[in-house]
Amino acid sequence: MTSKREAGGGSRINNAPVLSVRELRKVYPSPVRGGDPVVAVDEVSFDVHQGECLAIVGESGSGKTTVAKTVVGLERPTSGTISVDGSPRGHAPTRHGERARWAGEVQYVFQDPYSSLNPRQRVGEVIATSVKIHQPALGADGRRAAVAALLDDVNLGGDFATRYPHELSGGQRQRVAIARALAANPRLVILDEAVAALDVSIQAQILNLLSDIRAQRPVSYLFITHDLAVVNQIADRVIVMEQGLVVEEGQTTQVLEQPSHEYTRALIAAVPRPGWQPRRRAQLAAAASA
């Protein structure tokens with residue numbers, strides 16, 4: 001599996017972690033009366049370094065999205081620590097100023113941009129709202145200029161500012177969601193299956209856009225996906241999760257070309273290729289461990 005990642009972002013990586021997660025654990029109450037609690041994430045630890053894209057990959061139910069939501073504050077960890085630039089993030093903030101600070105550090109881009117955009121706001125208003133929160137010193141003219149610059153950064157023309165989300169394609173809406181995230185000048189952007197709902201050609205455009213942004217801005221990515229082809233194209237390092245546990249991690253090329261865990265080998269074996277035929281997971285696991 002040959003990597004197609006561009007070197008722009010990777011060349012800017014340094015050892016200072018933007019995000020540090022240590023022994024993160026998330027347990028949910030049993031959905032059945034009297035049943036056992038559900039351990040969604042179990043003792044997960046990792047760092048995301050400055051300028052780096054770290055991917056967390058796994059099947060549905062592996063715990064990868066729970067990790068992402070806990071990092072951003074949408075879920076409260078059962079135990080463990082999370083810090084951004086060395087500052088711990090404990091309980092989710094309740095004051096407006098503290099919420100704005102958290103959002104200025106970490107932004108979240110969802111899989112479905114349409115549901116995360118206000119359908120009653122024009123694109124320019126969506127981005128301007130974020131600009132106003134995170135760049136309050138700007139006046140009306142400054143906000144308009146910032147919106148135009150952000151639209152340009154995601155390769156959308158200025159005329160898109162007057163459109164509503166329903167007037168855009170899926171790829172265009174995801175570009176708007178990325179522009180809104182960038183308006184906060186975040187240290188880290190979490191992308192949760194951010195290209196999963198897009199056609200393959202549009203996926204490639206968005207991934208190239210994200211690589212360009214990382215080459216131009218001091219931003220790191222935590223990329224949540226089930227798609228190993230996406231991991232191969234954008235991630236410097238990868239973590240593989242199964243049933244809440246990290247089962248493998250390392251440089252992307254090494255993990256994809258020389259996987260050490262049978263679950264990783266099973267995931268790679270399931271990637272469609274010429275002559276590929278679907279196989280049940282039990283068969284994949286048996287073949288990978290043979």
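All values reported here derive from a predicted model rather than from experimental measurement.
Between the side chain of Asp199 and the backbone N or O of Ser201 there is no donor-acceptor pair closer than 3.5 Å. Side-chain atoms of Ser211 come within 3.5 Å of backbone atoms of Leu207 as a donor-acceptor pair (strictly under, hydrogens ignored). Side-chain atoms of Thr78 come within 3.5 Å of backbone N or O of Val27 as a donor-acceptor pair.
For CD of Glu23, the number of neighbouring non-hydrogen atoms (other residues, nucleotides, ligands) closer than 6.0 Å is 12 at most. Atom CD of Gln254 sits in a sparse spot, with 12 or fewer heavy atoms from other residues, nucleotides or ligands closer than 6.0 Å.
For the side chain to side chain donor-acceptor pair (under 3.5 Å) with Tyr263, the qualifying choice from Glu59, Glu242, Glu248 is Glu59, the only one to do so. Partner Val18 forms a side chain to side chain contact (heavy atoms under 4.5 Å, CB included) with one of Gln50, Glu105, Glu52, His49 and no other, that one being Gln50.
Sorted by first and then second residue, the pairs that involve residues 150-161 and meet side chain to side chain donor-acceptor pair (under 3.5 Å), not counting sequence neighbours, are Asp153-Arg217, Asp159-Arg163. Listed by first then second residue, pairs satisfying salt bridge (charged side-chain N to carboxylate O under 4.0 Å, His left out) with a partner in residues 164-191 read Asp85-Arg187, not counting sequence neighbours. Pairs engaging residues 33-42 under the side chain to side chain donor-acceptor pair (under 3.5 Å) rule: Arg25-Asp42 [sequence neighbours left out].
Applying the side chain to side chain contact (heavy atoms under 4.5 Å, CB included) rule to Thr70 yields the partners Leu24, Thr66, Glu75, Pro77, Ile82; only residues at least two apart in sequence or on another chain are considered. In this structure Phe110 satisfies the ring pair (Phe, Tyr, Trp, His ring centres under 6.0 Å) test together with Tyr108, sequence neighbours excluded. With sequence neighbours excluded, no residue forms a ring pair (Phe, Tyr, Trp, His ring centres under 6.0 Å) with Tyr221.
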Derivation of the side chain to side chain contact (heavy atoms under 4.5 Å, CB included) call for Gln121 and Thr129: CA-CA 10 Å; Gln121 281 191 316; Thr129 299; 3.5 Å; yes
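Hydrophobic clustering, with ILVMFWY side chains joined whenever heavy atoms are under 4.5 angstrom apart, keeps Leu191 apart from Val84.
In this structure, Val154 and Phe160 have side chains that are not in contact, with every pair of non-hydrogen atoms separated by 4.5 Å or more.
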